Amino acid sequence: MTNPSHGNPPVSGVPEGISEELFAATWEKLPFGLCLVDERGAIIAVNPAFADLLGYTRAELVGAMFTMLFPPEASVQGLAAHAAFLAGDNTALKSFGAIIHKSGRALFAHTTDARLMLAGRAYRLFSLIDLAREAQTEPQLRQLQRAESFAAMASEVGNDFNNLLSIILGYTTFLQDPGVDSSRAATAIDGIEKAVTRAANLIKQTLYLSRKIEPTFQRAHLDLLVENFCQMIGDSYGKQLTLIRSAEPALPPVAVDLYQINHLLLNLCQKSRDLAGPGGRLEFAVSAVAGAELSKKYPDAREPKYDLLRIRLTPPQSTDQDTLETFDSAALGLTERVRDLSILAVHSIMSVHRGWLDVSALPGELVFSLYFPVSPEVEAAPAVPATAAAAPAAPRSERVILLVDDEETLLHALSHVLERNGCRVFKARDGIEAVEVFRLRHAEIGLVLCDLGLPRMSGWEAFMKMRDLVPSVDAIFMSGHLEENLQAEIIKSGARGYLQKPFAISEVLAAVNRFFTTGS
């Protein structure tokens, strides 16, 4: 008996010619996935349903090791369990991990395994049913899917944090050496800052993925969203990445949650900066795609029209060959890595928008392709992110700030940086103290920079009391909680901005400079 990629086994009681035709039809048409794996763990054959359920083409799967379908930490255990199963141990596969879709999400799936003897060799045939497709509307199922996704990420997140803490502790020990010179101290400080930034990004991704707030869709034009985004990040990224924009004329609008799209773009921009380094080039191009054409790649693409946002990253032209090879390897790894938190968050956002993210890599470039369905029926709304919607005001010459935070170290660090950059700073450590300082100094204070989570009186309550004193008071809020509705309400209520902790102090400085320059 041969395997399905080379021939078909006879079916008992059926003439041989019909048997082969019946086997081929069954293999090709079954609605659940089938995968045949040899003794070494290599995939010999898959049926179309299996490839479709996992988001791969059959060519990508056949010949690969089956362990690519599972979390990386399960590879060694998986191969040992596979060998034990083929040797006759029916319990070997009971504790095996979840199967991972190409996009990075863990499938909520039912699998069964069977041993086959084909031409004197042992094979494993396992079937796969994606239960999410069987019960898309069940809220309990969606919760289980989310739980399984977090379980699949837990090991990687823990490993990344341990690595980052080791880096920070190593540099801290280095700085404690009384003989360290200023150059090596600067290198250590830079290393600590980068490690903390990476840790902050991990926290942001996990907070985002755990959110419970429902999206608020508005009608918007992608080219305008990209234009606003590039203006918003110009201070932070303009010196590191060259940002290029282009768009086809008269593109139809799409339905988006403005906060989520900004979050998505920021994730991809940060990932691009990390990969390319200073001098990289990031091109944003918006174009139209017919739904019939897109459905060849994504069968669930049922809308007649889609907008495509293609983001193309290239490293600096002066990049040497070794660095270019490192870039290409990292870019290729990003297309294959199933649990990168930044990319997983983008996949999650695109799923909410009934769209798709495709990541592809060629020598010297990395391309993110985002497909959004055109939804003209959505009620019209401004296509500007809430954080950028405040009307410009006259430039301000007096840079006087009331800084409010109960974390003493952060309060000191922020006030130090702001004062070094030409600001005069009044400080308060809780809401009641902030209101009192404002009552005495409101004629001088041009901006209140305030944490929301304060003892004795919250930052929001303090702001309301300040407004009773001076209705035109301007404030930028800081918070460690990721609550989109709260942010929107704060902006609607007259605040000039919202800074999500953890942040780099340079982000705070950029927001303050923008306010005193433009009033927004």
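Since the structure is predicted, the reported quantities are computational estimates derived from the model, not experimental observations.
- Looking at residues two or more places apart in sequence or on another chain, you find no salt bridge (charged side-chain N to carboxylate O under 4.0 Å, His left out) involving D223.
- Under a 3.5 Å cut-off, the side chain of S351 and the backbone N or O of H347 do not form any donor-acceptor pair.
- Applying the salt bridge (Lys or Arg N to Asp or Glu O under 4.0 Å) test to residues at least two apart or on different chains, none of the pairs has a partner in residues 241-255.
- R310 places no side-chain N or O within donor-acceptor distance of the main-chain N or O of V367, the cut-off being under 3.5 Å.
- Inter-residue side-chain proximity for K297 and D358 is flagged as met; some heavy-atom pair is nearer than 4.5 Å.
- What you find for M350 and Y371 is that their closest heavy atoms are CE-O, 3.2 Å.
- Here the closest non-hydrogen pair linking D38 and R40 is OD1-N, 3.0 Å.
- The closest donor-acceptor contact from the side chain of E365 to the backbone of L362 lies at 3.5 Å or more, if one exists at all.
- At least one side-chain heavy atom of I311 sits less than 4.5 Å from a side-chain heavy atom of L265.
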Discussion item. Using side-chain contact (heavy atoms from CB on, under 4.5 Å), reason through L61 and M68 one step at a time and then give a plain yes or no.
Written reply: CA-CA 9 Å; L61 292 169; M68 70 178 285; 4.3 Å; yes

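- At least one side-chain heavy atom of F229 sits under 4.5 Å from a side-chain heavy atom of L266.
- Nearest heavy atoms, W356 versus A301: CH2-CA, 3.4 Å.
- Salt-bridge formation is detected for the pair E28/R58: a Lys NZ or Arg NE/NH1/NH2 atom is positioned less than 4.0 Å from an Asp or Glu carboxylate oxygen.
- The two atoms that bring H101 and L53 nearest to each other are CD2-O, 3.1 Å, heavy atoms only.
- A pairwise comparison of heavy atoms in A122 and L86 identifies O-CD1, 4.2 Å as the closest pair.
- Judged by distance alone, with hydrogens and angles left aside, the side-chain atoms of H353 form a donor-acceptor pair with the main-chain N or O of D257 at under 3.5 Å.
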Fill in: Worked check of side-chain contact (heavy atoms from CB on, under 4.5 Å) between C35 and L128
CA-CA 8 Å; C35 177; L128 171 67; over 6 Å; no

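- Taken to the nearest 0.5 Å, the OH atom of Y123 stands 7.5 Å off from the CD atom of E39.
- Between L251 and L222, every side-chain heavy-atom pair lies at or beyond the 4.5 Å cut-off.
- For the pair L69/F50, a side-chain contact is recorded, criterion being any heavy-atom separation below 4.5 Å from C-beta on.
- The shortest side-chain heavy-atom distance between L370 and L264 falls under the 4.5 Å cut-off.
- Ring-plane geometry between F70 and F126 is classed as tilted, the angle between the planes lying from 30 to 60 degrees on a 0 to 90 degree scale.
- Side chains of T323 and P315 form no contact here, defined as non-hydrogen atoms less than 4.5 Å apart.
- Looking only at side-chain heavy atoms (C-beta outward), F327 and L313 come within less than 4.5 Å of each other.
- Without hydrogens or angle criteria, T517 side chain to R514 main chain gives no donor-acceptor distance under 3.5 Å.
- Every residue two or more places apart in sequence or in another chain was checked for a ring-ring contact (aromatic ring centres under 6.0 Å, His included) with F284, and none qualifies.
- Ring geometry for F66 versus H82: interplanar angle of 30 to 60°, hence tilted.
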Practice prompt. Output, in order, the C-alpha distance, side-chain angles, deciding distance and verdict of side-chain contact (heavy atoms from CB on, under 4.5 Å) for L294 and E303.
Written response: CA-CA 10 Å; L294 188 60; E303 298 295 334; over 6 Å; no

Worksheet item: So C269 and L282, side-chain contact (heavy atoms from CB on, under 4.5 Å) or not? Walk me through it.
Response: CA-CA 8 Å; C269 196; L282 199 59; 4.1 Å; yes

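- Among all heavy-atom pairs drawn from L324 and G364, the shortest one is CD1-CA, 4.0 Å.
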